[in-house]
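Written below as structure tokens is the structure these notes are about.
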Amino acid sequence: MTQLLQTLINGLLLGGFYAVMVLGFSVFWGVMGVINLAHGEFLMTGAYLAWLLFTSFSIDPFASLLLIMPIMFIVGFIMQKFLLNRLLERPSLATLLATFGISVILANIHKIIYSADPRNVPVSYSGSFELLGLSLPLVKSLIFVVALAIMLGLYLFLQYTRLGKAIRAAAQNKNAAKIVGIDIEQVYAITAGICIALTAAAGAIISPTQAIFPFMGQPFTLKAFTITVLGGLGQIPGALLGGMLLGMAEVMVATYVPGIGTNLGVVISLLVLILVLIFRPQGILTGLKRMPID
Amino acid sequence: MPLLLGLFSVTAACSSKSSEISDKSTDTITIGAAVSDTGKYAREGKDTRQGYDLWQDWVNNEGGGIEVGDRNYKVEIIYYDDEGSPDTTARLVEKLITEDKVDFLLAPYSSGLTKSASAIAEKYDKIMASGGASSDSLFTRGFKNLFSVFTPAQYYTESILKALSTKGAKTIVVAYEDTEFPTNVAEGTEKWAEKYGMEVLAVETYPKDTADLSAITSKFKSLDPDVFIGGGHFNDALLFVRAAKEQNFNPRAMVLTVGASNPKFVEEMGEDSAYIFGPTQWESTMNYQGQYFGTSAEYAQKYQEKWGETPTYQAAGATAAALALHIAIDKADSLDTEAVRQAMKELDEETFFGPINFDETGKNIDKPMGTIQILDNQIQVVVPEEISLAQVNYPVPGWKEREDNDSVASNSN
């Protein structure tokens, strides 16, 4: 029983992390129709920034979000405004190539600056607390709470603010949004800024639990792709559900299948992806989607 | 036109090179080495070159050359950059043999590149000495020209398991990445555990690039083993320590196969790296001694003087590999491949790097793997006992105990 509860907790915590990790990727795709192949590299950038702030100025990785998010917002804004906006009217291969190029550049710049040696942020509270015979990892619990807060914040922003509504309108029908006076390019740039800031934030908060190195990004991009398809595009409840499902499945299989569990967990997640694509291609929850123009 | 010019300059360079060599061939032994200067092994490649160069300088100056018959030979190493690519390595080794007409070969850094380089050496029947490869699969191909001074991967955990079993460790769990090197280490581990009377409670594998290992540690926690052996690479080592601490998983000894002996590990992990064990090919604090470079510490000092940095085990291995070749030429009293090969096989020598004694397949069977433990933020050699300065600390305190100790310590301050 304890083992089962512990497994559920581990799955929940991993799921919460997956959910916040995927947000930026999912909204980017949902609103602009761009698959950001540099997603993992922006996550890595956030992790390195947190490491730098921690080792140079002893700033806690959770506190460093206040610095990292504005910086990365500007990075995302500029990337969209001066690069991706120009490519949106081209075939989608153009944005795929552009983001792939950015991912290669980012990874190698970090390798030059920080070398390939793996880093870690050794926060003082990396242990666990015991509750009814269960171990609750402190850092991961904190990541979970922050992840929920970020998701709630983004949800309220998209749902109730003028800018949030503009973003959703742009996602639903670009031309109609233009007609009612929304500056699409500006909205896109702001959306990209938000997405990159969120992704870097996810990287920063997981920095105490991960080995940080320049080439850590790619597996995260792949995972983000899986979760987005699983949960439904550009939708926060979808990201949460997709993340939870994947986290829970991986941890369950890893814990209860002896020997090859961790390997099998990865297989299962891709198997689920294929099944979803066959039987429910719009994702488990229907996400942001383009309205037919006619 | 530029292509033509390029061709000319290459031919010119080659002809000048070969004339130079033929002029000197009466009193120079030429040795070829394709070693990484760029690419993913750039760092280790630099160490390897510096190790080889240290030997070259030492032979030519302090050592006064190598006596073969009644002649005195100087040595000259010809280097090329293999760029970390097995294909380039193969091409360059072929060039060294056919164009530069080297007498002997020194291997590149890494098992992968050595695999490719040694295949060419075998094809042309040239002896290749390696100081940077430990994969077992290098020695199961029936080659007769590759000799490696590193302890092979399957022996990585032998010495530490032996030491822990005498301290009373009875049970063990193993987790490893399912790629070649970690698999070799893990297979060896299961074998040694059985030999030293320990029960293997569970074995787990995980894929490359995994970002979360907490399911494995959580599973192991319920088994409560004495010894945990895990890892494949530096990154996994970090992940395992993080996962063990956050799950409050407390094995009485935690052995991480790669990473722990790297000073960067202590730097990044801080206090959480305490008590962790890790195998190591060589440390300058080991108490080895040989006829040629003196003790391990004296070697390290010589290296420091020449290169301005402390030698890594890759650098020391490179020097030891070149030294093994040197001693074999000395003993054979000949430059003939057959004679030197025979001398390599018969070699049984104590060196600053540890004992060197090659078996039929070319692996060094006499060098025990050392093990370090991180004690007081220092990397201390604890096994084997006869060459170490510190004692094995077993059983190690659990995570919660350490926190309590810390708070007691800070309260009393």
Side-chain angles (χ1 to χ4, degrees), chain A residues 2-3 6-7 9-11 13-14 17-18 21 51 55 115-124 126-130 134-141 206 208-213 215-216 218-220 222-223 247 250-267, chain B residues 40-43 174-178 201-223 233-250 258-259 262-273 398-400 402-403 406:
Chain A
T2 317
Q3 170 88 23
Q6 183 71 53
T7 307
I9 288 175
N10 290 346
L13 293 180
L14 184 63
F17 157 61
Y18 278 166
M21 184 273 284
W51 177 81
T55 48
S115 85
D117 297 326
R119 312 288 180 176
N120 187 258
V121 178
V123 291
S124 57
S126 56
S128 59
F129 61 95
E130 303 286 320
L134 301 170
S135 291
L136 280 168
L138 281 171
V139 174
K140 283 189 176 166
S141 305
I206 64 160
T209 68
Q210 291 289 316
I212 307 163
F213 59 104
F215 303 101
M216 69 187 279
Q218 262 180 21
F220 285 107
L222 187 67
K223 202 133 264 175
E250 282 187 5
V251 170
M252 281 286 176
V253 175
T255 310
Y256 289 105
V257 178
I260 53 163
T262 308
N263 272 302
L264 200 62
V266 177
V267 176
Chain B
K40 63 178 164 179
Y41 298 124
R43 173 70 234 180
V174 185
Y176 64 97
E177 183 189 287
D178 54 2
L201 298 179
V203 180
E204 290 282 331
T205 64
Y206 54 89
K208 198 165 168 280
D209 294 332
T210 206
D212 190 74
L213 294 167
S214 55
I216 291 179
T217 47
S218 147
K219 201 191 297 196
F220 284 171
K221 185 185 174 186
S222 59
L223 298 170
H233 296 105
F234 198 108
N235 301 348
D236 318 357
L238 291 181
L239 288 178
F240 271 123
V241 176
R242 286 280 159 257
K245 187 172 180 192
E246 69 177 31
Q247 301 281 332
N248 197 22
F249 166 50
N250 294 305
V258 176
N262 186 334
K264 293 247 156 46
F265 187 75
V266 182
E267 245 170 67
E268 293 304 316
M269 301 303 288
E271 289 297 322
D272 293 338
S273 64
W399 298 107
K400 296 286 173 197
R402 296 183 205 179
E403 278 170 26
D406 284 352

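Letters A, B, ... mirror the listed sequences (proteins, then strands); counts begin at 1.
Residue B/A202: no heavy atom, backbone or side chain, is found under 4.5 Å from chain A. Heavy atoms of A/F220 lying under 4.5 Å from chain B belong exclusively to its side chain. In this structure, chain B has a heavy atom under 4.5 Å from the side chain of A/Q6, while its backbone stays farther away. With a threshold of 4.5 angstrom between heavy atoms, A/V257 approaches chain B through N, CA, C or O but not through any side-chain atom. B/T210 touches chain A through its side chain: at least one heavy atom from C-beta onward sits under 4.5 Å away, while N, CA, C and O do not. Both the backbone and the side chain of B/N235 come within contact range of chain A, with heavy atoms under 4.5 Å apart. With a 4.5 angstrom heavy-atom cutoff, B/D178 touches chain A only via side-chain atoms. For chain B, the nearby parts of A/I260 are the backbone and the side chain; heavy atoms of each come within less than 4.5 Å. No part of A/L264 comes within reach of chain B, as not one of its non-hydrogen atoms sits under 4.5 angstrom from that chain.
Contact count against chain B (heavy-atom pairs under 4.5 Å) is highest for A/A211 among A/A211, A/P258, A/G11, A/S124. Comparing B/G270, B/A211, B/S222 by heavy-atom pairs within less than 4.5 Å of chain A, the highest count is held by B/A211. Across A/P219, A/G259, A/S115, A/P122, the residue that shares the most heavy-atom pairs under 4.5 angstrom with chain B is A/G259. Taking chain A as the reference chain and counting heavy-atom pairs below 4.5 Å, the highest number among B/W399, B/F249, B/Y206 is found for B/Y206.
The main-chain N or O of A/Y18 is never found under 3.5 Å from a side-chain atom of A/K223 such that the two would form a donor-acceptor pair. Using a distance-only test at 3.5 Å, with no hydrogens or angles considered, no donor-acceptor pair links the side chain of B/E177 to the main chain of B/K208.
B/F220 has its ring centre no less than 6.0 Å from the ring centre of B/F240.
Between B/R242 and B/D272, at least one side-chain nitrogen of the basic residue sits less than 4.0 Å from a carboxylate oxygen of the acidic one, meeting the salt-bridge criterion. Under 4.0 Å is where a charged nitrogen must lie from a carboxylate oxygen, and between B/D212 and A/K140 at least one such pair does.
Once rounded to the nearest 0.5 Å, the distance linking NZ of B/K219 with CD of B/E204 reads 3.5 Å. For the atom pair B/E246 CD and A/S141 OG, the distance stands at 9.0 Å (nearest 0.5 Å). For the atom pair A/N10 CG and B/Q247 CD, the distance stands at 4.5 Å (nearest 0.5 Å).
When only modelled atom types and interatomic distance are considered, B/T205 and A/N263 share a side-chain donor-acceptor pair under 3.5 Å.
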